[in-house]
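Here's the structure, in structure tokens; my notes come after.
Numbering starts at 1 and runs along the sequence shown.
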Amino acid sequence: MAVIAWSEKKMELNEVKFMLLQHGKHEEMKLPYRVNEDLLLEQCEFAKDLGILVDSNLKWGQQIAAITASARQLAGWVLRVFKTRTKEVMLLLYKALIRPKLEYGCVVFHPHQIGDIAKLEEVQRTVTHRIENMDKLNYWERLAKLHIYSMQRRRERYICIQ
């Protein structure tokens, strides 16, 4: 087996993995981009980078829809698999499995529209409602009793820390 030194390795650019995402109001400003003589990049409507969907209009609707769908699916799995609804077990599962899905990259896509904020809060609202002795309380009372913050409050806290 031959040993190849770092200096002998040649890194090559993989042109197929490039995506062209342009934004702006004026269509005439959106020009084609050529990587080399053979490859002209087509403009795409959205791109995924490090797990975050970026829209060409710099809107976060697709990102929020994707993470809430994933978190809802995981919450459904947790509620089907684990029969116990005790506070300790449900909070542990929620904090370990579901909430990280909702918070990944939240400093980047921090939602400001009320509809987007409500979609993210809805997942936490559903899970906390299923905890025993919490179904009679409203959402804010549940959060206070469980000693957890709303998703919006946590995002604002992360932004201040960053």
Side-chain angles (χ1 to χ4, degrees), residues 1 6 9 11-24 35 41-162:
M1 184 170 151
W6 174 255
K9 290 183 182 179
M11 294 188 66
E12 292 185 18
L13 186 65
N14 189 349
E15 296 125 358
V16 179
K17 292 188 176 182
F18 277 95
M19 298 178 83
L20 178 62
L21 186 67
Q22 296 178 330
H23 61 89
V35 176
L41 291 180
E42 296 288 327
Q43 183 177 346
C44 58
E45 292 299 314
F46 66 91
K48 189 172 190 175
D49 190 20
L50 297 175
I52 298 176
L53 290 167
V54 181
D55 192 336
S56 63
N57 295 328
L58 297 179
K59 305 246 186 221
W60 302 103
Q62 288 183 324
Q63 169 68 15
I64 292 170
I67 63 173
T68 54
S70 176
R72 260 192 245 106
Q73 184 179 17
L74 192 54
W77 177 81
V78 165
L79 293 170
R80 281 190 310 275
V81 171
F82 295 92
K83 298 301 178 195
T84 182
R85 297 292 184 259
T86 62
K87 174 183 170 181
E88 295 79 19
V89 173
M90 290 297 289
L91 279 179
L92 179 67
L93 290 168
Y94 172 70
K95 289 177 181 179
L97 299 174
I98 301 163
R99 191 164 66 186
K101 290 243 184 224
L102 296 169
E103 291 181 340
Y104 177 75
C106 68
V107 175
V108 175
F109 72 86
H110 181 66
H112 62 278
Q113 295 180 338
I114 294 173
D116 292 340
I117 294 168
K119 287 176 188 175
L120 291 167
E121 292 287 343
E122 186 61 34
V123 178
Q124 181 167 283
R125 182 178 318 230
T126 301
V127 173
T128 58
H129 182 74
R130 301 296 180 106
I131 297 173
E132 68 182 4
N133 301 325
M134 296 291 160
D135 55 344
K136 303 277 192 280
L137 303 174
N138 71 32
Y139 179 57
W140 301 105
E141 292 169 340
R142 287 194 303 266
L143 294 181
K145 190 149 184 146
L146 295 170
H147 305 290
I148 58 176
Y149 291 126
S150 69
M151 297 304 297
Q152 181 180 8
R153 173 75 173 101
R154 288 181 60 83
R155 281 190 308 277
E156 290 168 354
R157 184 172 174 264
Y158 286 147
I159 288 172
C160 289
I161 291 170
Q162 291 294 323

Pairwise distance [atom1]([X]) to [atom2]([Y]) - rounded to 0.5 angstrom:
X: Arg72; Y: Leu74; atom1: CZ; atom2: CG; result: 12.5 Å
X: Ile148; Y: Thr128; atom1: CD1; atom2: OG1; result: 6.0 Å
X: Lys119; Y: Ile67; atom1: NZ; atom2: CD1; result: 11.0 Å
X: Arg99; Y: Leu91; atom1: CZ; atom2: CG; result: 8.5 Å
X: Ile131; Y: Leu137; atom1: CD1; atom2: CG; result: 10.5 Å
X: Gln124; Y: Tyr94; atom1: CD; atom2: OH; result: 3.5 Å

**Prompt:** Taking only residues two or more places apart in sequence, or in another chain, which ones meet Tyr104 in a side-chain hydrogen bond (donor to acceptor under 3.5 Å, both in side chains)?
**Reply:**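 So Tyr104 forms no side-chain hydrogen bond (donor to acceptor under 3.5 Å, both in side chains) with any residue.
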
**Request:** Mind checking side-chain hydrogen bond (donor to acceptor under 3.5 Å, both in side chains) for Lys101 and listing every partner two or more places apart, or none if nothing turns up?
**Result:**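 Scan of Lys101 (side-chain hydrogen bond (donor to acceptor under 3.5 Å, both in side chains), adjacent residues dropped) gives Ser70.
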
Could you tell me whether the side chain of [Y] reaches within less than 4.5 Å of the side chain of [X], counting heavy atoms only?
X: Phe109; Y: Asp116; answer: no
X: Leu93; Y: Ile98; answer: no
X: Leu79; Y: Met90; answer: yes

Only counting residues at least two apart or in another chain, list the ones meeting side-chain contact (heavy atoms from CB on, under 4.5 Å) with [X].
X: Asp55; answer: Asn57, Lys59
X: Lys48; answer: Leu53
X: Arg125; answer: Glu121, Glu122, Tyr139, Arg142

**Prompt:** Please, which pairs that meet salt bridge (charged side-chain N to carboxylate O under 4.0 Å, His left out) have at least one residue in residues 147-162, sequence neighbours excluded?
**Reply:**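 Every salt bridge (charged side-chain N to carboxylate O under 4.0 Å, His left out) pair that includes a residue of residues 147-162, provided the two are not neighbours, is Glu103-Arg154.
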
For [X] and [Y], which heavy atoms make the closest approach, and how far apart are they?
X: Ala71; Y: Leu102; answer: CB-CD2, 3.6 Å
X: Ala75; Y: Val127; answer: CB-CG2, 3.9 Å
X: Asp135; Y: His129; answer: O-CE1, 3.5 Å

**Item:** CD/Glu141: more than 12 non-hydrogen atoms of other groups inside 6.0 Å
**Value:**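 Enclosed: over 12 neighbouring heavy atoms sit under 6.0 Å from CD of Glu141.
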
**Request:** Answer yes or no: does atom CD1 of Ile161 have more than 12 heavy-atom neighbours from other residues, nucleotides or ligands under 6.0 Å?
**Result:**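 Yes, CD1 of Ile161 has more than 12 neighbouring heavy atoms, counting only those of other groups under 6.0 Å.
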
**Request:** Measure from the side-chain N and O atoms of Gln63 to the backbone N and O of Trp60, and report whether any donor-acceptor pair falls under 3.5 Å.
**Result:**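 It does not hold such a pair.
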
